[in-house]
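Convention: sequence-line order gives letters A, B, ...; per-chain numbering from 1. Keep in mind it's a predicted model, so treat the numbers as computed, not measured.
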Number of protein chains: 2
Amino acid sequence: MKKKIVRIKDIAEKAQTSKGTVDRVLHNRGRVADDVRERILAIIKELNYEPNLIAQSLKSQRAFNLAALIPDPNLDSYWEAPHAGLEKAEKELRQYGVHISKFIFNSHSESSFIAKAKEVIREHPDGLLIAPIFYKEALPFFKEWADMGIPYVLFNTQIEHVAPLCYIGQDSYRSGSLAAKILRFGLHSPGTVLVAHVNEDISNSAHLITKEDGFRNYFKGEKLDGTFNVISREINFPDEEGPDKQLDEIRAQHPDLGAVYVTNSKAFEVAAYLEKNALKDIKLVGYDLIEHNQHYLNKGIIDFLINQNPLGQGYWGIHQLANHLIFKKEIPAIKFLPLDIITRENLDYYLDPQ
Amino acid sequence: MKKKIVRIKDIAEKAQTSKGTVDRVLHNRGRVADDVRERILAIIKELNYEPNLIAQSLKSQRAFNLAALIPDPNLDSYWEAPHAGLEKAEKELRQYGVHISKFIFNSHSESSFIAKAKEVIREHPDGLLIAPIFYKEALPFFKEWADMGIPYVLFNTQIEHVAPLCYIGQDSYRSGSLAAKILRFGLHSPGTVLVAHVNEDISNSAHLITKEDGFRNYFKGEKLDGTFNVISREINFPDEEGPDKQLDEIRAQHPDLGAVYVTNSKAFEVAAYLEKNALKDIKLVGYDLIEHNQHYLNKGIIDFLINQNPLGQGYWGIHQLANHLIFKKEIPAIKFLPLDIITRENLDYYLDPQ
DNA sequence: TTCGATTGCGTGCTCGAACACTTTTTTAAA
DNA sequence: TTTAAAAAAGTGTTCGAGCACGCAATCGAA
């Protein structure tokens, strides 16, 4: 069986018309007699015509200026990976005329976010990828971008009541349940389990609460809430101090502390404490393959990390924009990335992209 | 900063010659004066010319007939996924003229493998993807294909002393270590750990032994070989019987059996036994997301599965061939796919492809 | 010098889709 | 019936790389 590629010309011939007319039908560009239009549409369906993307993009040669509004990786190394993902996607899509302008803000400064968001508006990109870590500050901009007709993709932080082209990231609830499952598997005897929100402004981070919900409900669902006592704490401290004081206190209150679930990428802070105090039997699960975490994962102090695949988030974010703008594909409103479970033995595979 | 794409014409102009000459230099298609050649090469380097793949493949329009030598998914559902991966890759690459012919053999019959392998030779494909599950029978063909100049990619089963274009699959040794790590995390007290090779001809499956090595060495490396007693057994039985007799026997010998590691996709057989005998405390880890395994994973009888990503193996196998044949990229000799850890809570994400 | 052969190099067509431009047909008004 | 305007349909160029073809210059032999 031969696979024949259907060209516009083939359709034209079969419809006894010219490729120009077929082209007008395909692109709804002006004035074709109704009977001809219908005939052509029927033939398109019949022959199952699919435009040749290669020829298409060779011709169109259009430039797509995408913008990425994303935190500074120098201030929080977590953001290095999304940057890398962006660049990987840009490399692949350069052939199609994609260019990405980065607008980098300070992840600790709302005002820098606002300033950069305004810059984005001035630039008027064809599409936008944004990590909306400042919920309240970001809200007004969504409306503005929508009015300007700039499609935007959110990643890392899911936001309700906003209609992006797509959200890319993890299912926080599931993510919490998964952490619970892992820790429960490793827990040998009844005791206290701590959910630790480390150095994060909870009021601006709904997803951490969602993670906690998922975590707690795992224990409830498994009828284990009698066996294990799940407590949660916000643990905030200046960089130079460490969480020692707070953790000491918690251990004093709950001598049967058996596991800690850190809801963001700061598990290494807790790991340092556990190591210092030789608490080998307290299980520890956290997020993200940043260097500090890898260090304690290799030492066996952090047992498992859940990978949020930040590289993939950047990569797929740009690809979704390209799928929408260039390839005119339908985009799912949510793209959940896998919840990868990482431990010392499979760490390597998740460090470098495919 | 504008990103200017360098064309052959640009090079020609700068070198004060014609695009035909530049083309001859680029493709070593003879007869260019030495001074001109050098001038052109210098300019190509200077301008950092990269051929426009889009235009390239539009023009070349070549057909690439790839062959896939792969077991029948109707006899072992594990093979459904590689088939799906093949098809996904074919869809993506159809634009580039790729067509895949499947040569499907019976995974229980060496002679059917040989027959199909001979068919492949008659077909004379441009490239070949093969799951060499019959080591001895496959060997002579590798040489033949090499002589015919057909590049071949191996997947699923790694074979030494053969020089494929690439091997795609898992690092079996690591995979064993990972299984050990997981089980050890869940083991609460000293006892016996069973490595089970279920219904598989060990003599033709070196990779199962490698898995076992990785598994055992984890316990040795962690200085746990005193605490845990690792034993291994080949458990073979006819389909209609089940492993009950053998497992009963093992439990009689080792009443302290705490965990089972099944080295292939047959964990569900052991799971059925555990369920029947209400052995909730025996931890179980196996491979592959086939339906039977998913069933017991959801019931919580299988604790974790390691995903060999069979879909990805098919997908990347075809892509590696395409990278070599069409895009002339350098191919790594080994592409290890990630060792994904799957449990009930993150199963979904690994079922459907990206 | 003339002819043929070889080497070196330039021209122009091709791929399929996009789109500007031209030509033909239809419709409405004079 | 003529004519202009509007609608419909057709033609031809373009994108960048590949490659066939053919022209021009050079060389060697007669």
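- Taking CD of Gln308(A) as the start and CG of Asp340(A) as the end, the distance is 10.5 Å to the nearest 0.5 Å.
- Across the protein-nucleic acid pair, Arg7(A) atom CZ and dA18(C) atom P stand 14 Å apart, rounded to whole Å.
- Checking Arg29(B) against Ser18(A), the closest nucleotide of DNA chain D that is more toward the 5' end is the one next to Ser18(A).
- The shortest heavy-atom contact between Leu86(A) and Ala68(A) is CD2-CB, 3.5 Å.
- Between Tyr315(B) and His319(B), the two ring planes are tilted [angle within 30° to 60°].
- Residues Lys19(A) and Glu13(A) are not paired through a salt bridge, judged by the lack of any N-O separation under 4.0 Å between the basic side chain and the carboxylate.
- The separation between Lys19(B) atom NZ and dC13(C) atom P is 11 Å, rounded to whole Å.
- Nearer the 5' end of DNA chain D, as judged by each residue's closest nucleotide, is the contact made by Ile54(B), out of Asp23(B) and Ile54(B).
- Phe103(B) and Ala67(B) make their closest contact through CE1-CB, 3.6 Å (heavy atoms, listed as atom of the first residue, atom of the second, distance).
- Atom CD of Glu13(A) is separated from atom P of dG16(C) by 12 Å (rounded to the nearest Å).
- Note on Thr17(B): only backbone sugar-phosphate atoms sit closer than 4.0 angstrom, heavy atoms only; bases stay farther off.
- Rounded to 10 degrees, the angle between the two end axes of the helix from dT1(C)-dA30(D) to dA30(C)-dT1(D) is 70°, with five pairs used at each end.
- Between Lys143(B) and Asp147(B), at least one side-chain nitrogen of the basic residue sits less than 4.0 Å from a carboxylate oxygen of the acidic one, meeting the salt-bridge criterion.
- Atom NZ in Lys59(A) sits about 7 Å away from atom P in dC19(C), given to the nearest Å.
- Atom CD in Glu50(A) sits roughly 15 Å away from atom C1' in dA17(C) (whole-Å rounding).
- If you take CG of Asp10(A) and P of dC15(C), they are 11 Å apart, rounded to a whole angstrom.
- Atoms CD and CD1, from Gln56(B) and Ile54(B) in turn, are 10.5 Å apart once rounded to the nearest 0.5 Å.
- In 5' to 3' order, the nucleotides of DNA chain D bounding all contacts with chain B (an atom under 4.0 Å from a heavy atom) are dG16(D) to dC19(D).
- Mapping Gly20(A) and Leu58(B) onto DNA chain C by nearest heavy atom places Leu58(B) at the nucleotide closer to the 5' end.
- Under the 3.5 Å distance criterion, with hydrogens and angles disregarded, a donor-acceptor pair is assigned to the side chains of Asn156(B) and Tyr78(B).
- Scanning atom types as modelled, no donor and acceptor separated by under 3.5 angstrom connect the side chain of Arg37(B) and the base of dG8(C).
- The distance from atom CG of Leu128(B) to atom CD1 of Ile100(B), rounded to the nearest 0.5 Å, is 11.5 Å.
- Salt-bridge formation is detected for the pair Lys116(A)/Glu119(A): a Lys NZ or Arg NE/NH1/NH2 atom is positioned less than 4.0 Å from an Asp or Glu carboxylate oxygen.
- Distances were taken from every side-chain heavy atom of Thr21(B) (C-beta onward) to each of dG8(C), dG10(C), dA18(C); the shortest belongs to dG10(C).
- Put simply, His27(A) has no side-chain N or O that comes within less than 4.0 Å of OP1 or OP2 on dC19(C).
- Atom CD1 in Ile8(B) sits about 16 Å away from atom P in dC9(C), given to the nearest Å.
- If you measure from atom NZ of Lys9(A) to atom C1' of dC19(C), you get 18 Å, rounded to the nearest angstrom.
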